[in-house]
There are 2 protein chains.
Amino acid sequence: MSRLRGARAEVVPESVRRAGGVPEATVGRLPLYLRALTPLHDQGITNVASEELAALAGVRSTQLRKDLSHLGSYGVRGVGYDVDLLAAQIAQELGLTQEWPVVIVGLGNLGRALASYGGFSGRGFRIVALVDDDPAVVGTQVEGLTVTTLADLADSGPTVAIGVIATPAPAAQAVADQLVAMGIRSILNFAPGHLTVPDEVGVRSVDLATELQILAFHEQRRLLSVSPEDPLRGGRDREVAG
Amino acid sequence: MSRLRGARAEVVPESVRRAGGVPEATVGRLPLYLRALTPLHDQGITNVASEELAALAGVRSTQLRKDLSHLGSYGVRGVGYDVDLLAAQIAQELGLTQEWPVVIVGLGNLGRALASYGGFSGRGFRIVALVDDDPAVVGTQVEGLTVTTLADLADSGPTVAIGVIATPAPAAQAVADQLVAMGIRSILNFAPGHLTVPDEVGVRSVDLATELQILAFHEQRRLLSVSPEDPLRGGRDREVAG
DNA sequence: CAGTGTGAAACTCTTCACAGCA
DNA sequence: TGCTGTGAAGAGTTTCACACTG
């Protein structure tokens, strides 16, 4: 589900790419574990067993333990994991010991929703710039930041590590090109459609229609298989990492 | 990426679950293919080769052909695929020949952004209800629909197949429970955190912080590996279906 | 002969079974 | 005794190589 997929370049096998590293599937779940640990920390709980944490994160305990083993985890046999220590370890692995500066491009409904979303600060990210190309919007204040153009950002704006694209689909590729040109190598894309970027740039795409269509597939499957001789649909607790 | 992960229930092997079906990984890519086909259709292009369509969707041509082979595809050797026929086939497989009624729960910034998003109609979905629990919002008109409460919806609202949760995190589980109680078996969750639902309910979750943290992991990895003796990062064109 | 369809191989990911330690 | 950590087995996915066909 997140899912990595090659497009260009020779394929470097995971076994080589991962020199001293963590499998991609595990990376996709580390955020879930971190998210599950936070409320435990807030409740003053200091220790948690893999079974319990796995339930909170929505995975199996063996999976959790295997994942954590890749970061050379420090669980205690017979006891469990130290909540704060584990959270710190995962945060370090994900690179959240520093704050990554983020720009949001496109201040339509979605862009504004993202800008006002609380999930950035305190989780390793800070919005440092907001960009739009509508003259009526540029210069206005949104969430305490002055909206600029992409050109202004490249020219005289703050340094940015991650670009979030929340523009209409037709503009997304051009925006991505400009973000890449100004040195950004991580892009989160909310516009539908595939972005073509150089190999060294990471892109993750979130598309509402795609998600709904996947749900529709299973919904249809369910409706069809209720009637006949086939009582197996193996329904399972479904979740997507991203 | 989208990724499926069991949590409860005995594990039904894919080979059994997929009786006459399509692998989960393939299902996750069918929407991408459909999305890539639409502009071709609009341009009046009637035929496309797997190499070209794969490039538009951001996958490899072998992957595309293998995926399509699972729906018993009707490509023509030496020629390619009929654009309209292929689009129709995929749409049918995904269950988009009918319109699925959708409810959006939570009309904060995100919920409103989703409500005004154009990606629903014409793609197999229609928003038939908007729900919020704020008395100041209930009864108002948003995007041509009158906002109701969840209780009203269960009581006297239209039938709904898919629920979209766009509430704050603390409310999400309770909302999911109520959606399930009224018979909804497909949920798209935008609130951070794991939802616990019965086996027969499908859930997909989209979480901004998770996506950003995965990007941050790779960004950090890139920064660390630029300097030393390790010139392999196997940079690849990254994309997520989910 | 260009391009699809597909078994087989390679690889990744998940689950199992159990050794090992506090 | 209880729970972690992990090699090995099993399941799923991707890629390869090439047979096949319009």
Side-chain angles (χ1 to χ4, degrees), chain A residues 1-18 21-29 47-55 58-82 85-86 89 234 236-237 239 241, chain B residues 1-18 21-30 33 47-55 57-82 85-86 89 234 236 239 241:
Chain A
M1 231 161 277
S2 355
R3 236 152 280 144
L4 265 191
R5 162 173 338 122
R8 191 190 324 262
E10 66 264 39
V11 174
V12 182
E14 175 85 8
S15 46
V16 172
R17 227 186 72 239
R18 193 176 80 212
V22 177
E24 191 56 35
T26 296
V27 173
R29 282 184 298 263
N47 186 268
V48 66
S50 66
E51 197 70 49
E52 194 187 345
L53 183 57
V59 305
R60 306 225 167 157
S61 64
T62 48
Q63 174 118 270
L64 171 64
R65 292 204 302 278
K66 176 68 96 181
D67 283 341
L68 295 183
S69 78
H70 288 118
L71 13 152
S73 161
Y74 291 89
V76 181
R77 294 174 195 236
V79 178
Y81 299 89
D82 182 282
L85 177 59
L86 184 55
Q89 283 224 321
R236 289 197 279 166
D237 195 331
E239 269 285 358
Chain B
M1 170 215 185
S2 5
R3 234 156 282 144
L4 263 192
R5 158 176 342 122
R8 189 187 327 262
E10 66 265 37
V11 174
V12 182
E14 176 84 7
S15 45
V16 173
R17 227 186 72 239
R18 193 175 79 211
V22 178
E24 193 54 35
T26 295
V27 173
R29 283 185 297 264
L30 290 180
Y33 304 151
N47 186 268
V48 66
S50 67
E51 196 70 51
E52 193 187 345
L53 182 58
V59 305
R60 305 226 170 158
S61 64
T62 48
Q63 173 120 267
L64 170 63
R65 291 204 302 277
K66 178 68 94 179
D67 283 341
L68 295 183
S69 78
H70 288 118
L71 12 153
S73 161
Y74 291 90
V76 181
R77 297 180 192 229
V79 177
Y81 299 89
D82 182 281
L85 176 60
L86 183 55
Q89 283 225 321
R236 290 197 279 166
E239 268 286 359

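A note on names: the letters A, B, ... follow the listed sequences, proteins ahead of strands, and every chain is numbered from 1.
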Any sub-3.5 Å donor-acceptor pair from A:Asp82's side-chain atoms to A:Asn47's backbone N or O? no
Starting from P on C:dG5, measure out to CD on B:Gln63 and report it in whole angstrom. 15 Å
If I take atom OH from residue B:Tyr74 and atom CG from residue B:Leu85, how far apart are they, to the nearest 0.5 angstrom? 8.5 Å
Phosphate oxygens OP1/OP2 of C:dC21: is one of them under 4.0 Å from a side-chain N or O of A:Tyr74? no
If you check every side-chain atom of A:Ser69, which of D:dG5, C:dG5, C:dC13 has the closest atom? D:dG5
In this structure, how many angstroms lie between the C1' atom of D:dT6 and the NE2 atom of A:His70, rounded? 10 Å
Give the rounded distance in Å between these two atoms: CG of B:Asp82 and C1' of D:dG22. 15 Å
Compare side-chain N and O positions of B:Ser50 against OP1 and OP2 of C:dT4 and report whether any pair is under 4.0 Å apart. yes
Whole-Å gap separating C1' (D:dT14) and CZ (B:Arg60): 9 Å
CD of B:Gln89 to CG of B:Leu30, rounded to nearest 0.5 Å, is 10.5 Å
Is A:Arg29 close enough to C:dT14 that one of its side-chain N or O atoms is under 4.0 Å from OP1 or OP2 there? yes
Whole-Å distance, A:Asp67 CG to D:dG5 P, equals 12 Å
Closest to the 5' end of DNA chain D, once A:Gly78 and A:Thr62 are matched to their nearest nucleotides, is A:Gly78
Heavy-atom donor-acceptor pair, B:Arg77 side-chain to D:dT21 base, under 3.5 Å: no
Rounded distance [0.5 Å steps], CG in A:Leu86 versus CG in A:Leu68: 5.5 Å
Rounded to the nearest angstrom, tell me the gap between atom CD in A:Glu51 and atom P in D:dG5. 14 Å
Look up atom OH in A:Tyr81 and atom CZ in A:Arg65, then write down how far apart they are to the nearest 0.5 Å. 6.5 Å
How long is the line joining CG of A:Leu64 and P of C:dC16, in whole Å? 15 Å
Minimum-distance nucleotide (side-chain atoms of B:Glu24 versus C:dG3, D:dT13, D:dT4): D:dT13
Pick the closest DNA chain D nucleotide for A:Lys66 and for A:Val79 by heavy atoms, then say which residue is nearer the 5' end. A:Val79
Using atom CZ of B:Arg65 as one end and atom P of D:dA17 as the other, report the distance to the nearest whole Å. 13 Å
